[in-house]
Amino acid sequence: MDSILINWKERGCICPYSFEPELLFIRRPGKNNRNFDAANNSGIKRHKQLIGTMSTAFRTPGLIWILIIEIATLSYLWGSSAWLPSYLLQEKHFSLKQMGMIASLPFVISIGTGFLGGYILDRLPTRKLTLLFVIGGVGTALSVTTAIISTNPIITAIGLILANGFWGIQGPAIPTMVQNLSDARSVGSTYGIVNGIGNLVSAFMPTIMGVVIGSLGGNNFVGGFYLLVGTQIITAICGLFFLMYKKDLLILKGNVVTK
């Protein structure tokens, strides 16, 4: 480089910008470079933590059963919310005033029974946690069936109110089940997976009910509402299966937490 500079001097021409490319390559690492490396390493670490957490969440014992219960439970919510007003007006011939009251009251009741379900869960042994799915599922299925087959509007109204009461009692059991079965490092992620997939799949329930109702002539809501009965039978079967064959998972996790 000295020889080149000497030649330029001999020619009477010095170009100071000629050395900038070389300077870029030989410059010592400064503070900005160290900050960039630290940020890059931090990003890689967070990425690995995210993958690790999600991988742990997907390996939660009994996850498939929790997903089925969540999908069935939310399918009842989406289906009944979408079709109950039309059912009361067209199938049961309620007035608009009666329909407004009966359509909203069951969901108000379900809020209260949700608190009741949480209270019961706090006093149930861990191994019997899924008992609420059995009781709630069977109770909801029987109540909806009663509302469907009854020709008495009062009995229909009582049946729908009781159905949502039994449905609401199951609500606290799902996050409690997730908390008991999932790894302590991925409880939130596991419930996010369960709730996200559950809502995504169950959102198709109103459409499925519409297809069934339409195939029966468009004014026959019985077939669509029997699908709601089916969702609760599935919930009860899953809860019973877990109660009989998978309760050791809950007991094991409970002992680990206790320690």
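Aromatic ring centroids of Phe241 and Trp65 lie under 6.0 Å apart.
Note on Phe94: it does not cluster hydrophobically with Ile155, by side-chain heavy-atom contacts below 4.5 Å among ILVMFWY residues. Note on Met54: it clusters hydrophobically with Leu181, by side-chain heavy-atom contacts below 4.5 Å among ILVMFWY residues. The same ILVMFWY cluster, assembled from side-chain heavy atoms under 4.5 Å apart, contains both Leu74 and Phe107. Leu227 and Val144 fall within the same hydrophobic cluster, where Ile, Leu, Val, Met, Phe, Trp and Tyr residues are linked whenever their side-chain heavy atoms come under 4.5 Å apart, directly or through other members. Residue Leu116 is grouped with residue Leu121 when hydrophobic side chains (ILVMFWY) are merged at heavy-atom distances under 4.5 angstrom, including chains of intermediate members.
How far CD1 of Ile174 is from CD of Gln179: 14.0 Å, rounded to the nearest 0.5 Å. Ile64 CD1 to Ile68 CD1: the interatomic distance, rounded to the nearest 0.5 Å, is 4.5 Å. Rounded to the nearest 0.5 angstrom, Ile71 CD1 and Ile66 CD1 are separated by 12.0 Å. Separation of atoms CG (Asp122) and OG1 (Thr176) is listed at 7.5 Å; rounding is to 0.5 Å. Distance check: Met205 CE to Ile208 CD1 gives 6.5 Å after rounding to the nearest 0.5 Å. Rounded to the nearest 0.5 angstrom, Leu142 CG and Ile233 CD1 are separated by 8.5 Å.
Here the side chain of Ser110 pairs no donor or acceptor atom with the backbone of Gly168 at under 3.5 angstrom. In this structure a side-chain-to-backbone donor-acceptor pair under 3.5 Å is present from Lys92 to Ala147. The backbone N or O of Ser186 sits nowhere less than 3.5 Å from a side-chain atom of Ser189 that would complete a donor-acceptor pair. In this structure, Thr60 contributes its side chain and Ser182 its backbone to no donor-acceptor pair below 3.5 Å. A distance-only check finds no donor-acceptor pair linking the side chain of Ser55 to the backbone of Ile51 [under 3.5 Å].
No side-chain heavy atom of Ile135 sits less than 4.5 Å from a side-chain heavy atom of Ile169. When side chains are defined from C-beta on, Leu129 does not count as touching Leu124, because their heavy atoms never get closer than 4.5 Å. When side chains are defined from C-beta on, Met209 does not count as touching Pro206, because their heavy atoms never get closer than 4.5 Å. In this structure the side chain of Val222 never reaches within 4.5 angstrom of the side chain of Leu216, judged on heavy atoms. Looking at heavy atoms from C-beta onward, Glu91 lies out of side-chain contact with Ile148 at the 4.5 angstrom threshold. Using a 4.5 Å cut-off on side-chain heavy atoms (C-beta onward), Phe133 and Cys238 make no contact.
Identified under the side chain to side chain donor-acceptor pair (under 3.5 Å) test for residues 133-150, with sequence neighbours left out: none. Among residue pairs with one or both ends in residues 165-175, those qualifying as side chain to side chain donor-acceptor pair (under 3.5 Å) are Gln170-Gln232; sequence neighbours excluded. Sorted by first and then second residue, the side chain to side chain donor-acceptor pair (under 3.5 Å) pairs involving residues 157-166 (not counting sequence neighbours) are Tyr76-Asn164.
Residue Gly165 comes nearest to Thr113 through the heavy atom pair O-OG1, 3.0 Å, listed as atom of the first residue, atom of the second, then distance. Among all heavy-atom pairs drawn from Leu132 and Ala173, the shortest one is CB-CB, 4.4 Å. Across Ala236 and Val138, no two heavy atoms sit closer than the pair CB-CG2, 3.9 Å. Nearest heavy-atom pair, Gly239 versus Ile69, reported as atom, atom and distance to 0.1 Å: N-CD1, 4.4 Å. Minimum heavy-atom separation, Thr231 to Leu228: OG1-O, 2.6 Å.
Taking the salt bridge (Lys or Arg N to Asp or Glu O under 4.0 Å) definition, one finds that Arg59 meets it with nothing, sequence neighbours left out. For Tyr87, there are no side-chain hydrogen bond (donor to acceptor under 3.5 Å, both in side chains) partners two or more places apart in sequence or in a different chain. Tyr226 meets the side-chain hydrogen bond (donor to acceptor under 3.5 Å, both in side chains) test with no other residue; sequence neighbours excluded. For the side-chain hydrogen bond (donor to acceptor under 3.5 Å, both in side chains) test, residues two or more places apart in sequence or in another chain that qualify with Ser95 are Gln98. With sequence neighbours left out, Phe166 forms a ring pair (Phe, Tyr, Trp, His ring centres under 6.0 Å) with no residue at all. The side-chain hydrogen bond (donor to acceptor under 3.5 Å, both in side chains) test applied to Ser202 returns Trp78, not counting sequence neighbours.
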Take Thr130 and Leu240 through the side chain to side chain contact (heavy atoms under 4.5 Å, CB included) test and state the conclusion after the steps. CA-CA 7 Å; Thr130 58; Leu240 184 62; over 6 Å; no

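Membership of the apolar cluster around Ile109 extends to Leu105, Ile161, as traced through chained side-chain contacts below 4.5 Å between ILVMFWY residues. Cluster partners of Ile111, by chain and number: Phe115. The rule joins Ile, Leu, Val, Met, Phe, Trp and Tyr whenever side-chain heavy atoms lie under 4.5 Å apart.
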Can you give each donor-acceptor pair under 3.5 Å made by side-chain atoms of residues 191-198, sequence neighbours left out, with the distance rounded to 0.1 Å?
{"residue": "Asn195", "atom": "OD1", "partner": "Asn199", "partner atom": "ND2", "Å": "3.2"}
{"residue": "Asn195", "atom": "ND2", "partner": "Glu70", "partner atom": "OE2", "Å": "3.1"}

